[in-house]
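Read the structure below first, then the notes.
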Amino acid sequence: MLTLDFDRFGVAPGDRVLDVGCGGGRHAFEAYRRGADVVALDRDEAELAKVAAMFGAMIAAGEAGPPAKAETVRGDALALPFPDDSFERVIAAEVLEHIPDDRTAIAEIVRVLAPGGRAAVTVPRWLPERICWALSDGYHDVEGGHVRIYRGGELVGRLLDEGLVLCGTQHAHALHAPYWWLKCALGVDRDRALPRLYHRFLVWDIARRPRATRAAERLLDPLIGKSLVIYLAKPAGAGGADARA
């Protein structure tokens with residue numbers, strides 16, 4: 001399940017792509033399928049092992065491979081282990097809401113993004129997230145959980161403050177918001193029948209992508225889309241040192 005629109009983001013064969021806080025690797029895999037040279041970075045070694053295994057499986061299945069390259073790197077978003085201007089594309093999907101010092105993480109994203117490159121940042125949208133927090137402390141008040149709820153203008157402002165240029169925004173995953181509301185209302189750690197049934201529907205929808213649910217989600221995304229997606233560019237004349245100044 002992809003949160004950002006890769007056609008809009010514009011990943012091309014040969015692009016160097018960094019997926020910051022890659023988690024299970026869903027966006028890294030799509031970039032690899034499109035012929036990019038991908039680095040999937042996360043702090044979780046267990047997740048990275050799974051991502052590396054999937055990269056290998058994609059090569060074996062003929063879904064990706066030479067000349068495209070893919071690797072996993074264990075690292076911290078607050079101190080990315082790469083030189084300035086290293087990547088044409090940087091993805092930070094559902095990451096910044098977990099990081100107390102998000103301004104440093106944003107500055108690092110800008111530093112490693114090459115001049116003329118693009119970044120895609122996604123976070124939980126304010127209204128659906130606010131409802132989840134109101135319904136359940138257990139949804140966010142856990143180790144590694146969400147530390148803030150962003151308003152869209154606030155996050156865009158922080159990104160622009162670091163020298164990026166706004167290219168556009170969108171909302172995604174409207175059909176997923178009710179699932180999390182149900183989980184929060186009935187207990188995030190409890191296996192209840194209604195959330196379980198709704199989860200089966202979501203799995204079916206992701207696998208089959210029927211026209212009816214795709215149309216419904218497009219209509220609902222502006223209202224209750226679970227994620228905010230922000231597309232940005234680094235001006236062609238801005239290098240790593242300029243971005244930090």
Side-chain angles (χ1 to χ4, degrees), residues 1-13 15-65 68-75 77 80 87-99 105 109 118-125 128-129 144-146 169-177 179-180 183 198-210 213-214 217-218 221 225-232:
M1 181 187 73
L2 299 175
T3 301
L4 63 97
D5 181 340
F6 271 79
D7 291 332
R8 185 171 182 177
F9 190 39
V11 172
D15 282 346
R16 295 165 295 169
V17 177
L18 173 64
D19 187 358
V20 178
C22 66
R26 57 201 171 105
H27 292 106
F29 301 147
E30 181 62 21
Y32 192 31
R33 286 189 186 95
R34 291 174 179 248
D37 294 337
V38 179
V39 176
L41 179 139
D42 205 281
R43 296 178 64 180
D44 189 326
E45 291 188 63
E47 288 278 30
L48 289 176
K50 295 175 185 177
V51 172
M54 180 57 73
F55 283 148
M58 290 173 68
I59 294 171
E63 294 184 32
K69 301 183 289 293
E71 64 176 312
T72 59
V73 173
R74 187 171 186 270
L80 294 173
F87 299 93
E88 281 82 35
R89 297 290 185 271
V90 177
I91 300 166
E94 312 297 302
V95 173
L96 293 179
E97 69 274 12
H98 296 273
I99 302 176
I109 288 170
R118 294 200 171 194
V121 175
T122 86
V123 296
R125 188 182 182 185
E129 186 76 349
H146 299 180
T169 64
Q170 71 182 81
H171 299 108
H173 308 320
L175 296 182
H176 291 247
Y179 168 74
W180 285 105
K183 286 285 290 182
Y198 197 102
H199 185 266
R200 288 180 186 172
F201 159 71
L202 291 176
V203 171
W204 170 83
D205 180 58
I206 291 168
R208 299 293 182 89
R209 299 186 63 80
T213 58
R214 294 303 86 222
E217 188 154 70
R218 283 194 297 272
D221 274 341
K226 184 72 168 64
S227 293
L228 167 65
V229 187
I230 306 171
Y231 300 96
L232 308 116

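Computed from heavy atoms alone, side chains included, the values below leave out hydrogens, waters and symmetry copies.
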For the residue pair Asp42 and Val51, establish whether any side-chain heavy-atom pair is separated by less than 4.5 Å.
no

Pair Glu129-Trp180, side chain to side chain contact (heavy atoms under 4.5 Å, CB included): steps then yes or no
CA-CA 9 Å; Glu129 186 76 349; Trp180 285 105; over 6 Å; no

Give the ring-plane orientation class for His199 versus Tyr179, where under 30° counts as parallel, over 60° as perpendicular and anything between as tilted.
tilted

Quick check: closest heavy atoms across Leu41 and Gly75, and the distance to 0.1 Å?
CD2-O, 3.7 Å

Nearest 0.5 Å, please: how far is OG1 in Thr213 from CD1 in Ile206?
10.0 Å

Hey, what do you get for NZ (Lys226) to CG (Asp221), rounding to the nearest 0.5 Å?
12.5 Å

Which of Arg8, Arg118, Gln170 passes side chain to side chain donor-acceptor pair (under 3.5 Å) with Tyr231? It is Gln170

What heavy-atom pair brings Trp204 and Pro210 nearest, and what distance separates the two atoms?
CH2-CG, 3.4 Å

Under 3.5 Å, is there a donor-acceptor pair between the Arg26 and Thr3 side chains?
yes

Closest heavy-atom contact between His173 and Ser227?
CD2-OG, 3.8 Å

Within-4.5 Å side-chain heavy-atom neighbours: Arg34 and Asp7:
yes

Can you name the nearest heavy-atom pair linking Phe55 to Glu71, along with the distance?
CE1-O, 3.9 Å

For the residue pair His146 and Pro124, what are the closest heavy atoms and their distance?
CE1-CG, 3.8 Å

Can you tell me how far the CZ atom of Arg125 sits from the NE2 atom of His171, to the nearest 0.5 Å?
3.5 Å

Working to the nearest 0.5 angstrom, can you tell me the gap between Glu63 CD and Tyr32 OH?
10.5 Å

With rounding to the nearest 0.5 angstrom, report the OG1 to CG distance, Thr169 to Leu232.
10.0 Å

So which heavy atom on Ala105 is nearest to which on Leu96, and how close?
CB-CD2, 3.8 Å

Is a donor on one side and an acceptor on the other found under 3.5 Å between the side chain of Asp37 and the backbone of Lys69?
yes

What distance separates Glu217 CD from Arg214 CZ, expressed to the nearest 0.5 Å?
4.5 Å

Would a 4.5 Å heavy-atom cut-off, applied to side chains only, mark Cys22 and Leu48 as touching?
yes

Do the ring centers of Tyr198 and Phe201 come within less than 6.0 Å of each other?
yes

Identify whether NZ of Lys or CZ of Arg in Arg89 sits under 6.0 Å from the centre of the six-membered ring of Phe9 and within 45° of that ring's axis.
yes

